[in-house]
Trainee: 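Dumping the structure here so I can ask a few things about it.
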Amino acid sequence: MTEPTTQAGTPAPRRKDERPARGNVARLGDRKKARLEELAQASAGKGGVSLLRDALRRLRRNPAAIVGATIIALFVLVAIFAPLIAPHDPVQRFDELTSRLSADTIPGPSDGFPLGSDELGRDLLSRLIYGSRQTLFVGVFATLIGLAIGVLLGAIAGAFGGWVDNILMRVTDVMLALPALLLAITLVALASKSSQWTVILAVAIVNVPVFARLLRGSMLAQRESDHVLAARALGVKQRSIVLRHMLPNAMTAVIVQATLTLSVAIIEAASLSFLGLGDPDRDRAEWGAMLGDAGVRYFEVRPELAYYPALAIIVVALGFTLLGEAMREALDPKNRR
């Protein structure tokens, strides 16, 4: 049979239900296969990008993260090298300063004392520098203790569920119902003798429900994920599923929250010291105690005694907050810009 033609003598257009020739299909398949191989080779040459590597790339491009990391780095360096940076002993009282002390006068900046004196004739700059060590010590230990206890409770509640989850979550609800600072004051007041460690433990316990709630929610989300269901179907033990599959994938949000909690811990510890519930050793430099001891009593005489430690607390807390928010945006796909 001859192929039907049009009036001009050209072949008639192919009908919709007519299949293309096998040769054309083969050539089209070869072109697609070659293109797929080309794309695969290009992807293999570049390599994949892990979540951590992508997060670091986003952090480097985030101005808030750079500012926060810079503040934290300076704060940590000052705290570590305080004996080398401080011009004087923070406990020593200088005769040239105490001789000018009176009820209405506290010496200001002078030669050898860039920020002047405190209410007892000690170098204010040296006490501010050494105060960073106490602030870092209290904030880091309080956050680590709260993180450890919160992760333990959250992992147990998220892994087992049922009545265990109900009991643990009701306890955290009671703790969250109370204002954090009021709960910390109550815990410190219950101690027979206030000390630096009572402040650390009080701030840590206040932050336990935050970590427990957050990890528990992440663990519950992981329980129904595909990789957990597959591991359970293969007969993997519950302990291995929790420790190897659920917990590592749920810790990202908790780590970010720990960075944000550091700023809260620093403010809460400074608040307890400001109220006189912190370390009873007044010779030990601590920003909250400096703000409460001399900052309030001598505010009208020399307001700088309150301005400097308050500014230090605000700047350090701001640094941790900026870095924590930037980490949350970089690690959480829902919050990425």
Side-chain angles (χ1 to χ4, degrees), residues 48-56 58-59 139-180 183-184 187 200-265 268 320-321 323-337:
V49 179
S50 63
L51 177 61
L52 180 59
R53 192 172 181 181
D54 182 65
L56 292 175
R58 291 176 177 271
L59 288 175
V140 169
F141 270 90
T143 303
L144 290 178
I145 295 174
L147 176 63
I149 300 175
V151 166
L152 178 62
L153 297 180
I156 294 174
F160 295 99
W163 63 270
V164 177
D165 182 21
N166 289 330
I167 293 176
L168 293 178
M169 289 304 102
R170 296 301 77 77
V171 174
T172 58
D173 289 341
V174 172
M175 297 178 67
L176 290 173
L178 297 174
L183 180 58
L187 294 174
I200 292 175
L201 292 177
V203 175
I205 293 174
V206 166
N207 292 316
V208 165
V210 178
F211 294 117
R213 272 285 183 183
L214 184 60
L215 183 61
R216 180 249 185 187
S218 299
M219 293 280 287
L220 291 179
Q222 291 292 327
R223 288 177 64 180
E224 304 301 327
S225 60
D226 294 338
H227 65 280
V228 173
L229 294 176
R232 190 176 292 118
L234 292 173
V236 180
K237 295 182 179 180
Q238 180 68 17
R239 180 179 177 182
S240 299
I241 292 176
V242 172
L243 297 179
R244 298 180 58 184
H245 297 277
M246 296 174 62
L247 189 59
N249 291 308
M251 283 297 295
T252 302
V254 180
I255 295 174
V256 174
Q257 183 62 38
T259 307
L260 294 171
T261 303
L262 266 170
S263 63
V264 178
E268 290 175 348
F320 282 109
T321 302
L323 182 60
E325 291 293 342
M327 289 177 60
R328 175 179 294 175
E329 293 179 359
L331 292 173
D332 191 353
K334 297 180 181 179
N335 294 327
R336 289 182 180 178
R337 295 179 179 176

Trainee: What's the spacing between L152 CG and L168 CG if we round to 0.5 Å?
Mentor: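 Rounded to the nearest 0.5 Å, the CG-CG separation comes out at 9.0 Å.
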
Trainee: For T259, is there any backbone N or O sitting under 3.5 Å from a side-chain donor or acceptor partner on S263?
Mentor: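 No, S263 side chain to T259 backbone: no donor-acceptor pair under 3.5 Å.
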
Trainee: Enumerate the salt bridge (charged side-chain N to carboxylate O under 4.0 Å, His left out) contacts for residues 248-264, please, sequence neighbours excluded, ordered by first and then second residue.
Mentor: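 Qualifying pairs: none.
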
Trainee: What side-chain donor-acceptor pairs closer than 3.5 Å can you find for residues 143-150, not counting sequence neighbours?
Mentor:
residue: T143; atom: OG1; partner: G139; partner atom: O; Å: 2.8

Trainee: Return the minimal non-hydrogen interatomic distance between A204 and A142, and the atom names on each side.
Mentor: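 Smallest interatomic distance, heavy atoms only, reads CB-O, 3.3 Å.
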
Trainee: List the residues meeting side chain to side chain contact (heavy atoms under 4.5 Å, CB included) with A212, not counting sequence neighbours, and say none if there are none.
Mentor: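 Here the qualifying residues are L153, T172.
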
Trainee: Provide the full list of side-chain hydrogen bond (donor to acceptor under 3.5 Å, both in side chains) pairs with a residue in residues 145-169, sequence neighbours left out, each pair given once.
Mentor: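 Sorted result for residues 145-169: D165-R216.
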
Trainee: D173: which residues meet the side chain to side chain contact (heavy atoms under 4.5 Å, CB included) condition with it, sequence neighbours left out?
Mentor: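 D173 satisfies side chain to side chain contact (heavy atoms under 4.5 Å, CB included) with R170, R213 once adjacent residues are dropped.
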
Trainee: Which residues pass the side chain to side chain contact (heavy atoms under 4.5 Å, CB included) test with I205, sequence neighbours left out?
Mentor: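 Once residues adjacent in sequence are excluded, the partners of I205 under the side chain to side chain contact (heavy atoms under 4.5 Å, CB included) criterion are M175, L187.
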
Trainee: Any side-chain heavy-atom pair from V203 and F141 closer than 4.5 angstrom?
Mentor: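 Sidechains of F141 and V203: no contact.
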
Trainee: Could you tell me the separation between the CG atom of L260 and the CG atom of N207, rounded to the nearest 0.5 Å?
Mentor: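 The CG atom of N207 is 11.0 Å from CG of L260, to the nearest 0.5 Å.
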
Trainee: Of the non-hydrogen atoms in A157 and M169, which two are nearest, and what is the gap between them?
Mentor: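 Answer, listing the atom of A157 first, then M169: CB-CE, 3.9 Å.
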
Trainee: If you look at every heavy atom in M219 and G154, which pair is closest and at what distance?
Mentor: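 Minimum heavy-atom contact is CG-O, 4.3 Å.
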
Trainee: Considering all heavy atoms of both residues, which atom of L262 and which atom of F320 are nearest to each other, and what is their separation?
Mentor: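 Of all heavy-atom pairs spanning L262 and F320, the closest is CD1-CE2, 3.4 Å.
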
Trainee: Closest heavy-atom contact between L215 and A155?
Mentor: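 Reported closest heavy-atom pair: CD2-N, 3.7 Å.
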
